[in-house]
Amino acid sequence: MLLARIVETSQTVAATRSRKAKVAALAVPLAEAGPGELEVVVAYLGGSLLQRRTGVGWRGLGSPPEPADEPSLTVHEVHAAFEHLAGLSGSGSQAARAAAVQDLLGRATAEEQVWLRGVITGNVRQGALDALVQEGLAAASGAPLSAVRRAAMLAGGTVPIARAAFSGESALAEVCLEVGRPVLPMLASSAPDVGAAMAKAGGGAVSIDTKLDGIRIQVHKDGDDVVIATRSLDVITDRLPEVVDIVRALPASRLVLDGEALALADDGRPRPFQETASRTAMGAGVTVTPYFFDLLHLDGTNLLDRPGAERWAALADLVPAEHRTPSVTTSDVAEAESFVRTALDLGHEGVVVKSVSAPYDAGRRGSAWVKVKPVHTLDLVVLAVEWGSGRREGWLSNIHLGARADDGDGFVMLGKTFKGMTDEMLAWQTGRFTELALEPAEVKAHHVVPVRPEQVVEIALDGIQRSTRYPGGIALRFARVVRYRDDKSPDEADTLATVKEMFGG
DNA sequence: TTCCGACAGTGGGGTCGCAAT
DNA sequence: ATTGCGACCCCACTATCGGAA
C-alpha cells in the first residue's frame with residue numbers, strides 16, 4: 001500500500017467532524033491492507049509509528065527538503081526507514097538521523113511530508129486515534145467492536161490483534177491476558193468529593209483506597225521471571241530491583257499485580273513525587289516501596305472479570321498488608337470522609353473510590369473507579385500570554401502566572417496554565433491581554449506576549465513542587481484557571497511566602 | 001428531547017539517558 | 001562538565017459526537 005493512501009485517509013478524517021464518517025473513512029484502507037502490512041496500516045491510521053522511539057523529534061526534523069512530485073513511498077518503505085532511524089545510536093548518530101530523515105522526506109510529496117512530520121512529532125491531529133481505528137477495524141472486518149476493544153486492551157494495543165480481527169470473532173475471543181504481556185491499566189475518573197464519588201461508583205458499599213502519589217506499576221511474575229510495566233506499558237524492571245525481590249518472594253508462581261511504587265522517608269511518609277520519579281532518590285539509598293491494589297491473575301486463573309471484592313480478597317491472601325494499598329470498605333459517607341482525612345494526614349494525595357462489584361476494565365476510564373483529591377486555590381497575577389495552536393489558533397491561550405514578591409516589588413513567576421478555559425474565556429482573555437500588552441504593536445509578532453501585571457486570576461492546583469526553572473524555587477503542580485477576578489487588584493494577590501506556607505514549604 | 005459516556009485536543013513541570021558541545 | 005533533545009513520569013480540563021435514557 002502506498003503511504004499516499006494513509007495520507008488521503010488522514011485528510012478525509014480530519015475534514016469531517018462526524019465520528020461515524022471518520023470511522024467509515026478509516027475502514028477503507030484497513031479492508032484493503034494486505035496481511036503483511038496490516039500492522040503498519042493500523043498504527044499509521046492512528047497517527048503513530050510501530051517504533052516506540054525513533055530518536056527524532058520536532059527539532060531533529062530540520063527544514064523540509066524539496067518534495068517529490070508524485071507519490072511513490074509505500075508504507076513498507078516508510079516503516080523500514082523508521083526502523084533504520086530507531087536503530088541508530090552512538091557517536092555521530094544525530095547527523096546520521098538527520099540525513100535519514102531528510103532522505104525520507106525528500107522521497108515524499110508535499111502532503112506526505114506534512115503527515116510524516118505530524119507522525120514523527122505525535123501531532124497528526126485528525127480527530128481520530130486508536131479508539132476510532134478500533135471502530136474502523138470492527139467495521140472493516142465485521143468483528144464486533146466489543147470483541148476488538150477487549151482483545152486490544154488485553155494484548156496491550158490494537159496492532160497485535162489486528163490480524164485476529166480479520167480471522168473472525170473466535171480468534172479475537174482467544175486473545176486473553178497472558179502472564180508476561182502487560183495489559184492496559186484500568187483508569188479512574190474523578191469527582192469533587194467522596195460523597196459524589198461513592199454515588200458515581202454505584203452507591204452502596206464501596207472500597208476507598210488510598211491514592212498514592214508515585215508511579216503506576218503492573219507486575220508480572222512467571223516463576224523467577226518478573227516484568228514491571230508502567231502505565232504506558234514501558235518496561236522498567238531494571239529500575240525497580242526492590243520491587244522485583246518483593247514480588248519474587250510472594251507465595252505464587254504466576255501472577256499479575258497492579259499497584260503503585262513510591263519513595264518513602266525514614267518516618268514512612270511519602271516523599272515528593274519528584275523523588276520517586278528520580279533515580280537519584282534510589283542512588284541516595286531511598287528505597288522505592290510497592291503498594292498493590294489489584295490482582296489480575298493468580299496461578300493459571302485470570303481474575304479480570306471477577307468482581308472487585310473477589311479480586312481484592314485473593315490479593316489479601318497473597319500479598320502482606322505492608323505491600324497493599326491501605327483501604328476500607330464502607331457504605332457510610334462519614335466513615336469514608338474520615339478515611340480520606342487520615343490518608344491526607346499521612347501525606348497522601350487523596351483516595352480512589354472503587355465499586356466492589358465491577359470487573360477490572362482494562363484500558364477504560366469508567367465510573368467503577370473514581371478518584372478524589374483536595375483542590376487548593378491561589379489568586380495570582382498574569383505576567384504574559386502565549387498564542388495557542390490547533391483549535392486555539394488565533395487566541396491568546398497559555399498564561400504565565402506570578403505571585404507577589406515578598407519584598408513587595410514585582411512578581412515571581414510560578415508556572416503557566418492553559419487549562420480550565422472555556423471558548424468564551426479564551427475570547428475574553430485574547431481581548432483583555434491585547435489591551436494589557438507591554439508592546440501593543442508587537443502582540444501578533446511574538447509567540448510570548450508580555451503584559452502589564454494587572455489581571456488577577458484564581459488558580460486551582462494540586463500543590464507545589466521544587467523547581468530549578470522558576471526564580472522562586474517552586475512551581476505549581478497541575479495549575480488550572482477557575483475564574484478571572486475583577487474584584488481583586490494585583491496588590492491583593494497571594495505572595496510567594498503565602499504560597500510556600502500554604503504547602504508547608 | 002435531554003443527558004451523559006467516551007474521545008480527542010491542548011498543553012503544564014520534572015526526570016532520565018544520550019549525544020553534541 | 002554542561003547543554004539540548006527526546007521520551008516518559010505525573011496530569012486537568014473543555015468541546016464534541018452520538019448513543020442511552
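Sequence lines set the chain letters: A, B, ... in the order given, protein chains first and strands last, and positions in each chain run from 1.
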- Message: Please classify the nucleic acid contact of A:Lys22 as base, sugar-phosphate, or nothing, using heavy-atom distances under 4.0 Å.
- Response: nothing
- Message: Once hydrogens and angles are ignored, does a donor-acceptor distance under 3.5 Å link the base of C:dT16 to the side chain of A:Arg19?
- Response: yes
- Message: With a 4.0 Å limit, can you tell me whether A:Arg59 has a side-chain N or O closer than that to the phosphate oxygens OP1/OP2 of C:dC5?
- Response: yes
- Task: Could you tell me whether A:Arg149 contacts a base, only the sugar-phosphate backbone, or nothing, with contacts defined as non-hydrogen atoms closer than 4.0 Å?
- Result: sugar-phosphate
- Task: Report which part of the nucleic acid A:Ser190 touches: base, sugar-phosphate, or nothing (heavy-atom distance under 4.0 Å, all strands).
- Result: nothing
- Assign A:Ser367 to base, sugar-phosphate, or nothing according to its heavy-atom contacts below 4.0 angstrom with the strands shown. nothing
- Nucleotide nearest A:Lys373 when distance is taken to its side chain, options C:dC11, B:dC7, B:dT10: C:dC11
- Counting only heavy atoms not in A:Glu8, do more than 12 fall under 6.0 Å of its CD? yes
- Query: Contact class for A:Asp423 (heavy atom, under 4.0 Å): base, sugar-phosphate, or nothing?
  - Reply: sugar-phosphate
- Output yes when at least one side-chain N/O atom of A:Gln94 is less than 4.0 Å from OP1 or OP2 of B:dA19, else no. no
- Message: For B:dT10 and A:Asn398 - does any side-chain N or O of the residue sit under 4.0 Å from the phosphate oxygens OP1/OP2?
- Response: no
- Message: Quick check on C:dG6: is either OP1 or OP2 less than 4.0 Å from any side-chain nitrogen or oxygen of A:Trp58?
- Response: yes
- Look only at the side chain of A:Ser189 and the backbone of A:Val370, and say whether a donor-acceptor pair between them is shorter than 3.5 Å. no
- May I ask you to evaluate whether A:Arg480 reaches the phosphate of C:dC11, defined as a side-chain N or O under 4.0 Å from OP1 or OP2? no
- Message: What contact category does A:Ser189 fall into here, base, sugar-phosphate, or nothing, at under 4.0 angstrom with non-hydrogen atoms?
- Response: nothing
- Task: Select base, sugar-phosphate, or nothing to describe what A:Ala475 touches, counting heavy atoms under 4.0 Å on all strands.
- Result: sugar-phosphate
- Query: For B:dC7, does either OP1 or OP2 sit under 4.0 Å from a side-chain N or O belonging to A:Arg125?
  - Reply: no
- Message: Need one value for A:Val56: base, sugar-phosphate or nothing, where a base atom within 4.0 Å counts as base even if backbone is also close, heavy atoms only.
- Response: sugar-phosphate
- Task: Among the candidates C:dA15, B:dG13, B:dC7, find the nucleotide nearest to the side-chain atoms of A:Arg469.
- Result: B:dG13
- Hey, can you tell me if A:Tyr484 and A:Trp428 have their rings parallel, tilted or perpendicular (30° and 60° cut-offs)? tilted
- Any-strand Watson-Crick or G-U partner of B:dC3, both distances under 3.5 Å: C:dG19
- Note on the structure: Whichever of A:Gln126 and A:Thr417 has the more 5' nearest nucleotide on DNA chain B, that residue is A:Gln126
- Task: Give one of base, sugar-phosphate or nothing for A:Ala128, where a contact means two heavy atoms less than 4.0 Å apart.
- Result: sugar-phosphate
- Task: Decide if atom CD of A:Glu169 counts as having more than 12 heavy atoms of other residues, nucleotides or ligands within a radius under 6.0 Å.
- Result: no
- Query: Taking only N and O in the side chain of A:Arg52, is any of them less than 4.0 Å away from OP1 or OP2 of C:dC8?
  - Reply: yes
- Query: Picking from B:dC7, B:dG11, C:dC9, which would you name as closest to the side chain of A:Ile215?
  - Reply: C:dC9
- Query: With respect to the side chain of A:Phe418, which nucleotide from B:dG14, B:dG11, C:dA15 is positioned closest?
  - Reply: B:dG11
- Query: The side chain of A:Lys416 lies closest to which of these nucleotides: B:dT15, B:dG9, B:dG12?
  - Reply: B:dG12
- May I ask you to verify if any side-chain N or O of A:Ser232 is less than 4.0 angstrom from the OP1 or OP2 atom of C:dC9? yes
- Item | Sub-4.5 Å side-chain heavy-atom contact between A:Gln455 and A:Ile399 | no
- For A:Lys211 and C:dC11, is the shortest distance between a side-chain N/O and OP1 or OP2 below 4.0 Å? yes
- Applying side chain to side chain donor-acceptor pair (under 3.5 Å), run through A:Asp234 and A:Ser232 and close with a yes or a no. CA-CA 6 Å; A:Asp234 233 36; A:Ser232 68; 4.8 Å; no
- Message: Among B:dA19, C:dC8, C:dC11, which nucleotide has an atom closest to any side-chain atom of A:Thr230?
- Response: C:dC8
